[in-house]
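Just below is one structure, and these are the notes that go with it.
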Amino acid sequence: MKIDVSDILKKKIFKKNLDVNLKEDGFYDGIEYINFIGPIKFNGKLRLIDDILHLEGTAILTVELVCSRCLEKFSTNVELDIYEKFSNNVVNKDDDCIFINSDEINITEVIEYNLIEMLPIKRLCKEDCSGLCSQCGINLNNSTCDCKKEHIDPRLAKLKDLFTSN
Ligand SMILES: [Zn+2]
Ligand SMILES: [Zn+2]
């Protein structure tokens with residue numbers, strides 16, 4: 001969603017409150033496609049200080065991720081504190097500012113960028129997710145298999161050796 005900031009850039013106003021509900025499907029974060037579940041709520045304000053537009057606010061959203069361990073989809077609620085600076089003046093380009101060459105700022109992009117920064121590389125459905133069995137691939141969170149036992153018990157392993165050498 002793009003927010004029109006022309007009035008503030010033209011210095012007709014110096015402050016603008018934002019209270020928006022964004023309806024977005026999702027985006028590819030470089031690792032996986034992240035689905036948004038329900039609208040993204042953003043509440044914050046824009047302020048113009050010395051030609052620099054300051055965006056400050058909080059985004060509340062629900063995302064659907066894939067667990068790094070068991071590969072199941074799970075959803076999680078996220079609260080993002082957002083603070084970004086924008087400028088349409090090239091002079092401010094190095095000042096951590098996002099350069100804008102129009103009268104709009106793309107708030108969806110800002111939220112997505114902040115979300116990527118905040119999400120861990122290892123995304124787990126739960127802290128103690130048991131993951132998948134490395135041998136049969138079963139999801140060990142809701143089922144068990146016999147692969148592990150066979151591996152742990154050395155006597156069984158020996159027996160297995162006997163049978164395979166015959
Ligand atoms: Zn998991
Ligand atoms: Zn198994």
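Order of appearance sets the numbers: ligands from 1, and atoms from 1 within every ligand. Heavy-atom basis, side chains included; hydrogens, waters and symmetry copies ignored.
R69 and D128 are not joined by a salt bridge, as no carboxylate oxygen comes within less than 4.0 angstrom of a charged side-chain nitrogen. Classification of K41 and D19 as a salt-bridged pair fails, no side-chain N sitting under 4.0 Å from a carboxylate O.
Rounding to 10 degrees gives 110° for the angle at the Zn ion (ligand 2) between SG of C133 and SG of C147. Here the angle at the Zn ion (ligand 1) defined by SG in C129 and SG in C67 stands at 110°, rounded to 10 degrees. One finds an angle of 110° at the Zn ion (ligand 2) between SG on C136 and SG on C145, to the nearest 10 degrees.
I34 is listed as a side-chain neighbour of L119, based on a closest heavy-atom distance under 4.5 Å.
Of the residues L61, T62, I60, the one that meets the side chain to side chain contact (heavy atoms under 4.5 Å, CB included) test with V78 is L61.
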